[in-house]
Amino acid sequence: MSGKFADARSVFHWAGIVAAAVLGVNAVGCAAGVTAAPEQDAGHWVTYLGAPSRAPSANETIAREPRLVWTVRTGKAPAGALALGDSVVVVQSSDRHLMVYRRETGQRVWRRKLHGRGATGPLVVEGRVYGASGDERGRVHAYALRSGERIWSREMGPIVDPMAVYGANLYAATRTGDVVALSRSGGDVVWQRRVSTRLSVGVTALGPYVLVAAEDSLHLLRRERGQPVVSRATPGTAIAAPAVAGDTLIFASPMGFVTGLDVHSLRTLWQVDVQDPVYGSPTVARDTVFAVTARGTLWAIPVRRPLEGQALELTSPVRAPPAPVTAGVLVVTLRGEIMHVVESNIPKWRTRVEAPVEQAPVVDGSMLFVVDGRGEMHAWR
């Protein structure tokens, strides 16, 4: 492995990689009282981590020494990744609550209680917030961003993360094997299709398709009507949402590999042995796939030259996806670390929170947002 680390330096420099390790900063108190809702918010967060690349921060920069500006208690652990609007950050907790906060101050705009435990990360689209619950009578809910008023609610069953919005519809899947397209205007069922007896990964929207996954198979459907396109057995491939790079669909596996598949046929294009399980989604930026193993090895795999993939040892357990930024990659760990490293395993900047972090960090407008496993959301600038 030592030779691989030496060779990795040129690839990480070429990819512009920085991995960030969490600084030992105590939580900063913040007024969490209810504040006025935004008059208008044009932000669009239509899928898990904002885009099929799963790299919403790829064009963002962070300060050389980011300063913790606020911390708020949102409830229990997050049900999925946070969502950003232009002026708000939205979190759904595992204890039935969907919450909207001001990005700049951390002040709560509104909080609503769902019918069951939170099941997914929320979405923010055209002045609406979408959330979902994951019990046996799980529902998808649509709320007005400005007022928190519930617009519609649709019972579906135990919903699995993630959901996705594409055009006029919201797409969701259940653990019991159904994929459903709902009208965003009123929550009506546009189509519904049973594809499996149990799904482990929810919906990824891919142009004319939607994709869902069981732990041992992938299922591609036509987005407009839900007709099956192709299903493929893929043992051990899917427990986290894939990333998309053009016509390449990329999965990371708990069996210790990263795989590129053809979007249209689900045919395997390449596979890289990363030697340890990967539990978080891969991300794609600068024509490079980034993935972090459970042991804490950060991989950079060129999409077109996957055999040239290189590894960087961070030696801290990880479950969350990495977050590429313009100067590198942020990594958060189960020890509560948030890392920023350039070309080596020595963090350039580091901070620490008091609980494990299992959801990806997000940088937007020079602000870094992290929600930890205790339900505290932190913002640095």
Subject >> Test log, rule side-chain hydrogen bond (donor to acceptor under 3.5 Å, both in side chains), inputs H115 and S133 >> reply: CA-CA 7 Å; H115 290 88; S133 54; 5.8 Å; no
Original post:
Is R381 paired with E104 through a side-chain N to carboxylate O contact shorter than 4.0 Å?
Top reply: yes
**OP:** In plain terms, say whether R154 and D188 are close enough for a salt bridge, that is, a side-chain N and a carboxylate O under 4.0 Å apart.
**Re:** yes
**OP:** Quick one: closest heavy-atom pair of A173 and V212, and the distance?
**Re:** CB-CG1, 4.0 Å
Original post:
When rounded to the nearest 0.5 angstrom, what distance separates OG1 in T248 from CG in L261?
Top reply: 9.0 Å
Subject >> Criterion side-chain contact (heavy atoms from CB on, under 4.5 Å) on E60 and T326, from CA distance to verdict >> reply: CA-CA 6 Å; E60 300 291 335; T326 54; 5.7 Å; no
**OP:** Might you work through the side-chain contact (heavy atoms from CB on, under 4.5 Å) test for H141 and R150, ending with a clear yes or no?
**Re:** CA-CA 7 Å; H141 307 277; R150 190 165 67 198; 3.9 Å; yes
Subject >> Rounded distance [0.5 Å steps], CG in L123 versus OH in Y48 >> reply: 12.5 Å
Original post:
Side chains of P361 and V371: closer than 4.5 Å at any heavy-atom pair?
Top reply: no
**OP:** Would you mind telling me which of D178, T176, T174 makes a side chain to side chain donor-acceptor pair (under 3.5 Å) with R194?
**Re:** D178
Subject >> Any donor-acceptor N or O pair under 3.5 Å, side chains T71, E376 >> reply: no
**OP:** Measure across S93 and K76 and return the closest heavy-atom pair with its distance rounded to 0.1 Å.
**Re:** CB-O, 3.8 Å
**OP:** Flag yes if more than 12 heavy atoms outside R232 fall under 6.0 Å of its CZ atom; otherwise flag no.
**Re:** yes
Original post:
Centres of the W110 and Y143 rings: under 6.0 Å?
Top reply: yes
Original post:
Taking all atoms of both residues into account, what is the closest heavy-atom pair of Y101 and G106, and its distance?
Top reply: CD2-O, 3.3 Å
Subject >> Crowding at CG, D262 (>12 non-hydrogen neighbours, <6.0 Å) >> reply: yes
**OP:** Check the pair R374, T74 against side-chain hydrogen bond (donor to acceptor under 3.5 Å, both in side chains), reporting the backbone distance first and the verdict last.
**Re:** CA-CA 9 Å; R374 198 165 58 181; T74 67; over 6 Å; no
Subject >> Where Y279 and A240 come nearest, the two heavy atoms and their spacing >> reply: O-CB, 3.6 Å
Original post:
Are side-chain heavy atoms of L82 and F369 found at a separation under 4.5 Å?
Top reply: yes
Original post:
Looking just at side-chain N and O atoms, do R304 and T288 make a donor-acceptor pair shorter than 3.5 Å?
Top reply: no
Original post:
From T47 OG1 over to M163 CE, what is the distance, rounded to the nearest 0.5 angstrom?
Top reply: 10.0 Å
**OP:** Considering only NZ, NE, NH1 and NH2 on the basic side and carboxylate oxygens on the acidic side, decide whether E215 and R198 come within less than 4.0 Å.
**Re:** no
Original post:
Atom CG of L220 and atom OG of S231: how far apart are they, to the nearest 0.5 Å?
Top reply: 8.5 Å
Subject >> Verdict with supporting geometry, L221 and V179, side-chain contact (heavy atoms from CB on, under 4.5 Å) >> reply: CA-CA 9 Å; L221 308 176; V179 184; 3.9 Å; yes
Original post:
Between atom CD of E136 and atom CD of E155, what is the distance when rounded to the nearest 0.5 Å?
Top reply: 10.5 Å
Original post:
Between L84 and V88, is any pair of side-chain heavy atoms under 4.5 Å apart?
Top reply: no
Subject >> Geometric cation-pi criterion, R223 with Y209: 6.0 Å, 45° >> reply: no
**OP:** Decide yes or no on side-chain contact (heavy atoms from CB on, under 4.5 Å) for L68 and H378, but give the supporting numbers first.
**Re:** CA-CA 7 Å; L68 185 63; H378 314 270; 4.0 Å; yes
**OP:** Hey, could you give me the CZ/NZ distance between R96 and K113, rounded to the nearest 0.5 Å?
**Re:** 6.0 Å
Subject >> W299 side chain vs L312 backbone, donor-acceptor pair below 3.5 Å >> reply: no
**OP:** Specify the closest pair of heavy atoms between V263 and L266, including all atoms of both residues, with the distance to one decimal.
**Re:** O-CD2, 4.1 Å
**OP:** Could you tell me which non-hydrogen atom of L170 sits nearest to which non-hydrogen atom of R184, and how far apart they are?
**Re:** N-CG, 3.7 Å
Original post:
Is the shortest heavy-atom distance from the side chain of V357 to the side chain of L334 under 4.5 Å?
Top reply: no
